[in-house]
Structures are given as C-alpha cells and as structure tokens.
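Count residues from 1 along the sequence.
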Amino acid sequence: MMLKADTIKRAIILLVAFFAPNHFVKAQQKPQYTQYMLNSYLLNPAFAGIENYIDIKAGYRNQWAGLDGSPKTTYLTATMPIGKGFLNGGPGSGNPSGRSYTQTYMAAEPHHGVGLFLLSDEAGLLKSTSVSGSYAYHLGLSPSVNMSAGVTAGVNRYTLNSSAVTTTDPGDPLVNAGSIGAWNPDISIGAVAYSSDYYIGVSVQQLFPQRVFAEDVLKGSKTVPHFFVTSGVRLFLTDEITLVPSAVVKVIRPMPLAFDVNLKLNFHDVFWIGSSYRKDDSFGAFAGFNLSSLISVGYYYDMTTSYLKTVSQGTHEIVLGIMLNNKYQVKCPQRSF
C-alpha cells in the first residue's frame, strides 16, 4: 500500500519528537549535561578563563542507553586565561578544595578569558553540530569576590536525515531529500559572581531565535532562547573534605520550569563522589578522580524515572579533563567546583 506524502511527513515529525530531546516545539533544544559542575563553561561563557591554566574537557553522553535512536552527545571544550597579573598571581596556599585555601583566598586579578566549543549531538533522525568561540572578562568586586561576563558566538546546524526513512513511494520529495538543514548563527551570553566557596551565574543560549527547517519539512522548527541559573556552595566537613551542593534551573518556553540538583563530596583534591536528581526525569550517581595535575576523569550513571524507564537502560556520561600549562601543579579547580 502506498503511503501519502503528508502521512510520511507526520511520521518523520513523530520520530523526531519521540527520539530527540532537541525537538523544536515542546522540548529542550540544547543537549542535557549531568556533570555540568565539572565544566560550567558548557552552560555559561563567563566561565571561560576562570582558572589559571588551559582547561580542556572532552565529554560523551549516551542518554537512554538501549533505546534505538537515543540521544548521543560528544563535545570538546578548551578555555584559557589571558593576563600576566592573573597568571603570575599564584593559586593561594594549599589544596584548592581545602579550608586553608579558602582562608587565604584573594580575588583574581582582572584578566581576559577565551574559549572554544565543538559539539555533535545526534538523536533519531536529528543531528546538531556546533562550532563556537567565547570571550569573557573577569574583574574583582571586592577583595574576595570576582565578577565575570562572557559571550559565545558561533554557528549551529540542525540536520534532518530524511533519507533514513524507507517508504513505498520512491518519488516522495521530502523523504528522498537526503540530509536537510542549514548553518545558522548562534549567540550566548552569561555572567557569574564567584569566590572561594560559592558561585552563582546566569546565562542564555540561542539568544536570537533562528528558523532551521522550512515549514513543509518540520513545522514550527525555530530555536528558542534557553535561560539557565546555576549556583553552588562549598561546605567544609573537615579541613580537607568538602560537601558541594549545586543546582541549575532551566527556563525554556513553552516547557514548564525544570531543574537539576547535585550533591558532591570531595576528598582532599584526589577524588569525589556524588548524586543528582533531575525533576520528573532521573536520579543517579557519579564519581571521579584527579589522577594528577594533568588529568582528571569523571563518570555518571542515572536511572530514568519517566515513562522511558521501560525501554531505557539508563544514561552514561563520561568527562575527561586535561590541565595544560598548570604551573602551580594544582590537581583540582580553584575557582569553579
């Protein structure tokens, strides 16, 4: 039996809507990250250059493992500071996650930060590719508090692979159009206030909405701004063991308000464990090690609590960190945690 073009179009839209957290009408269009606390730059460009070394992070996330067409996200970020006074100012005294460091903490010297962000996100028939660069400026508000503002500019491409659909109508112009999509500009802005034992930031991604598909391909396929509020605080249980509650609140219209909460326990500057909860979606656990002053690694696993739990084997996320030009040989971040 022949399928009508309109039927095929609806089928494609339904496939995209089911498999992708990035579908355009009622869901988050940007990838989700559980270990954002290991790389706050993912959500806020103001974190570029916050540490006094070249901070490289590579991440991979397999969401809803076991489900055919489930979202898979791969990214690479690199940030670094620019400013002689900041680079030569020293990291303070002692382990950055220890109490002695907090007691002697001084706000960083004014300096610049730059960053690079590469992203590939694939879910079902939909793929997103992003390339962007960032600039941030950091200055002191008080002897122990810094403020930073940043902007990210780049390009993003959403691709709908309609050729992956097989039908009995070989002449259908939509299904046989192949890879449908175009490059669009993408702008994000953000600000963050931070000290030795807390931070709070606000940011917006996809600041200017863009149309990514023609109306006859995917109706309503327009990007929408994503607003984020992130915060964390470092609480000392002993001189070398800290408890770090953190959270991110997401405002993405027309979705309801969403949030993640995390609880991270740091043991000296060597390793960490923790747990997280995402509203109406999942809860999980994570752990990581600072293997040296060069390399760190973090792993996260969550269990789905939504209706997808019947077909999903959970979500896996791994983050590899590399600290280059780390002249003070710190093993963990000093100003982001």
In the structure I gave you, are the side-chain heavy atoms of Val261 and Val248 within less than 4.5 Å of one another anywhere? no
Is Asn326 reaching over with its side chain to a backbone N or O of Ser293, donor-acceptor style, under 3.5 angstrom? yes
After noting the C-alpha distance and the side-chain angles of Tyr158 and Asn184, does the key distance pass the side-chain hydrogen bond (donor to acceptor under 3.5 Å, both in side chains) rule? CA-CA 9 Å; Tyr158 288 98; Asn184 289 285; over 6 Å; no
Is there a donor-acceptor contact under 3.5 Å from the side chain of Ser195 to the main chain of Tyr198? no
Once you measure the plane-to-plane angle for Phe271 and Phe267, does it fall in the parallel (<30°), tilted (30-60°) or perpendicular (>60°) bin? parallel
Looking at the rings of Tyr53 and Tyr328, which for Trp means the six-membered one, are their centres under 6.0 Å apart? no
Would you please say whether a donor-acceptor pair under 3.5 Å links the side chains of Tyr75 and Asp121? no
Min side-chain heavy-atom separation Thr223-Phe208 under 4.5 Å: no
Spacing of Asn156 atom CG and Gln206 atom CD [to the nearest 0.5 Å]: 6.5 Å
Asn44 side chain to Ala191 backbone, donor-acceptor under 3.5 Å: yes
Arg157 side chain to Ser128 backbone, donor-acceptor under 3.5 Å: no
Candidates Leu76, Asn39, Leu116 - the one meeting side chain to side chain contact (heavy atoms under 4.5 Å, CB included) with Ile56: Leu76
Test your reading of the model: is there a side-chain donor-acceptor pair from Asp55 to the backbone of Met323, 3.5 Å cut-off? no
Donor-acceptor pair between His316 and Tyr60 side chains, under 3.5 angstrom: no
Is the shortest distance from a Lys or Arg side-chain nitrogen in Asp260 or Lys250 to a carboxylate oxygen in the other one below 4.0 Å? yes
For a quick check under 3.5 Å, do Thr152 and Ser188 share a side-chain donor-acceptor pair by atom type? no
Between Asp186 and Ser132, does a side-chain hydrogen bond (donor to acceptor under 3.5 Å, both in side chains) hold up when you go through it step by step? CA-CA 8 Å; Asp186 194 12; Ser132 60; over 6 Å; no
Ignoring hydrogens and angles, tell me if any N or O in the side chain of Asp302 forms a donor-acceptor pair with the backbone of Phe283 under 3.5 Å. no
Tyr135 and His112 aromatic centres sub-6.0 Å: yes
Same cluster or not: Val192 versus Met106, using hydrophobic residues (I, L, V, M, F, W, Y) connected whenever any side-chain heavy atoms lie under 4.5 Å apart? no
Parallel under 30°, tilted from 30 to 60°, perpendicular over 60°: which one fits the rings of His138 and Tyr194? perpendicular
When you measure from the side chain of Thr129 to the backbone N and O of Ser120, does any donor-acceptor pair fall under 3.5 Å? no
Apply the test side-chain hydrogen bond (donor to acceptor under 3.5 Å, both in side chains) to residues His111 and Tyr137: give CA-CA distance (whole Å), side-chain angles for both, the deciding distance (0.1 Å), then the verdict. CA-CA 6 Å; His111 65 282; Tyr137 184 70; over 6 Å; no
Is any side-chain heavy atom of Tyr300 less than 4.5 Å from a side-chain heavy atom of Val319? no
Please answer whether the main-chain N or O of Leu43 pairs with a side-chain N or O of His226 as donor and acceptor at a distance below 3.5 Å. no
If you measure only the distance, is there a donor-acceptor pair under 3.5 Å linking the side chains of Ser276 and Arg278? no
Flag, side chain of Gln205 to backbone of Leu42, donor-acceptor distance under 3.5 Å: yes
Please tell me if the side chains of Val224 and Ile252 come closer than 4.5 Å, counting only heavy atoms from C-beta onward. yes
Under 4.5 Å between side-chain heavy atoms, hopping through other hydrophobics if needed: is there a path connecting Ile200 to Val233? no
Is the shortest heavy-atom distance from the side chain of Phe117 to the side chain of Tyr41 under 4.5 Å? yes
